Amino acid sequence: MELIGATLDGRYRLVDCLSMGSHASLYRSVQLSIDRAVALKVEREDPECVRAMPSRLRREIGILAALNHPNIVSVLDGGETEAGQSYLVMELLRGATLEAELERVVRFDARHACELAIQLCRALTAAHSLGIAHRDLQLSNIMVLDDSAVRDQVKVVGFGLAQSFARDAEDAAVEVGRDLYCLGRVLCKLLGMPPTHTLPASVPPPLARVVSMLFADRPERETSAESVHDQLQAFLDHNGRHNGRPEQAEPVTLVDEDAETLTVVPLAEQPTLHTFPDRRVLPPTPLYAQRMPSLPGQVRRR
């Protein structure tokens, strides 16, 4: 079924394709009743795919519907096509993935990396409090908005692998630990860890200790997204009292789950830090930069 230009349920006109996955595709669409741009994810019209993963998108709809947080993409609607394909309607985010932004700037200074990680901690705390694990937190599933009143507001997307867990069950620690480990990998990459798994020597010791805790094989029982948030916030508060200059770094060695050592790079060999002015606009990805076209017979509201 060719969906570009199609109208689902008489309410959503699909304008263009933003991405195509193994089980679903994401379209930029128009909610015709109020002339609003939205993102619409719909299952592939593939019997083999539907049989193999009959509830994946429906589970994502249920999970996102339970979450209401400024750092998590909002779900607006959901339903089924005439062909029986599940679809999910979400807010259309304008900006760039954190993966694309990191490719542009190489790495963030410690303070800015903390500001972004704190938002991710808030998103994970909200999910974990409802017994939901994201299970796929990575740079490509984090959007940095360029049309927000909040500087560099991030939103977590990509809940296709999310899973509910019993908060009093043993698997809760496993699921939360997995999310925290993924958060540690994201934070390391923001701080400049290249493919060789090297942690820059400029990373302040308190921040390096947070990363080490996130990479622990068996996190302490009290370790949570909320406790990591508090430690990162404490680092920012302390850093701010010293005019933005982090305390002197100490040698730090970490080991990730692949048994690759995170060594220390001499400061002189590091690329220049990318710092940000108080006001800036992130370069949007090409798909998000496109203007929403007017549809035949549609009157654009002003």
Side-chain angles (χ1 to χ4, degrees), residues 71 95-124 137-146 148-156 180-215 225 227-254 256 262-285:
N71 295 122
T97 65
L98 196 50
E99 181 178 44
E101 179 66 356
L102 188 60
E103 288 178 357
R104 186 179 72 88
V105 304
V106 182
R107 68 186 176 99
F108 296 92
D109 62 82
R111 183 176 184 85
H112 199 78
C114 275
E115 291 173 348
L116 296 174
I118 281 174
Q119 295 184 63
L120 298 178
C121 286
R122 291 170 179 165
L124 290 179
L137 187 68
Q138 55 183 304
L139 296 174
S140 59
N141 281 332
I142 302 166
M143 288 291 298
V144 186
L145 308 189
D146 67 2
S148 171
V150 180
R151 186 177 81 101
D152 295 337
Q153 180 181 1
V154 301
K155 290 216 176 197
V156 178
L180 294 179
Y181 178 85
C182 291
L183 174 63
R185 292 188 70 90
V186 168
L187 182 54
C188 271
K189 290 178 180 178
L190 294 180
L191 292 169
M193 185 179 75
T196 56
H197 291 233
T198 303
L199 192 66
S202 60
V203 176
L207 191 52
R209 286 193 289 270
V210 172
V211 175
S212 179
M213 177 184 66
L214 291 170
F215 275 157
S227 64
V228 174
H229 169 281
D230 292 343
Q231 293 186 54
L232 292 175
Q233 188 63 59
F235 166 77
L236 283 186
D237 293 342
H238 176 78
N239 183 253
R241 289 196 299 271
H242 288 78
N243 300 317
R245 292 191 299 272
E247 56 185 89
Q248 183 62 38
E250 299 172 355
V252 177
T253 300
L254 305 172
D256 75 357
L262 308 180
T263 54
V264 175
V265 172
L267 188 59
E269 299 177 11
Q270 299 169 19
T272 302
L273 284 174
H274 185 96
T275 55
F276 297 87
D278 291 336
R279 295 181 180 179
R280 70 185 182 89
V281 176
L282 295 176
T285 58

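Given the structure is predicted, the values throughout are model-derived calculations rather than measurements.
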* Asked: Going by heavy atoms in the side chains, are Asp109 and Leu191 under 4.5 Å from each other?
  -> no
* Partner residues of Lys155 under the side chain to side chain donor-acceptor pair (under 3.5 Å) criterion, sequence neighbours left out -> Glu91
* Asked: Quick one: side chain to side chain donor-acceptor pair (under 3.5 Å) partners of Glu103, sequence neighbours excluded?
  -> none
* Return the minimal non-hydrogen interatomic distance between Cys121 and Leu232, and the atom names on each side. => SG-CD1, 4.1 Å
* Asked: Nearest heavy-atom pair of Pro204 and Ala110: which atoms, and what distance?
  -> CD-CB, 3.8 Å
* **Close side-chain approach of Val144 to Thr97, heavy-atom, < 4.5 Å** => no
* Of the non-hydrogen atoms in Leu116 and Asp152, which two are nearest, and what is the gap between them? -> CD2-O, 3.7 Å
* Asked: For the atom pair CG (Leu98) and CE (Met143), what is the distance rounded to the nearest 0.5 Å?
  -> 10.0 Å
* Asked: So how far is it from Cys114 SG to Leu207 CG, rounded to the nearest 0.5 Å?
  -> 4.5 Å
* List for me each residue that meets side chain to side chain donor-acceptor pair (under 3.5 Å) alongside Gln119, sequence neighbours excluded, and say none if there are none. => Asn71
* Does the side chain of Gln138 reach to within under 4.5 Å of the side chain of Glu99, using non-hydrogen atoms? -> no
* Contact summary for Ala117 and Leu183, nearest pair of heavy atoms -> O-CD1, 4.5 Å
* To do: Would you please test Leu137 and Val156 for side chain to side chain contact (heavy atoms under 4.5 Å, CB included) and show each step?
  => CA-CA 8 Å; Leu137 187 68; Val156 178; 4.0 Å; yes
* Side-chain heavy-atom pair Pro206, Arg209 within 4.5 angstrom cut-off -> yes
* Asked: In Å and rounded to the nearest 0.5 Å, what is the NE2 to CG distance from His229 to Leu120?
  -> 11.0 Å
* Partners passing side chain to side chain contact (heavy atoms under 4.5 Å, CB included) against Glu115 (at least two apart in sequence or in another chain) -> Arg111, His112, Arg151, Leu236
* Structure fact -> Rounding to 0.5 Å, atoms CG (Leu190) and CD (Glu101) come to a distance of 10.0 Å
* CZ-CG distance between Phe108 and Leu187, expressed to the nearest 0.5 angstrom -> 11.5 Å
* Answer whether the closest heavy-atom distance between the side chains of Ile118 and Gln233 falls below 4.5 Å. => yes
* Between SG on residue Cys182 and CG on residue Leu124, distance to nearest 0.5 Å -> 9.0 Å
* Asked: Are side-chain heavy atoms of Val154 and Leu145 found at a separation under 4.5 Å?
  -> no
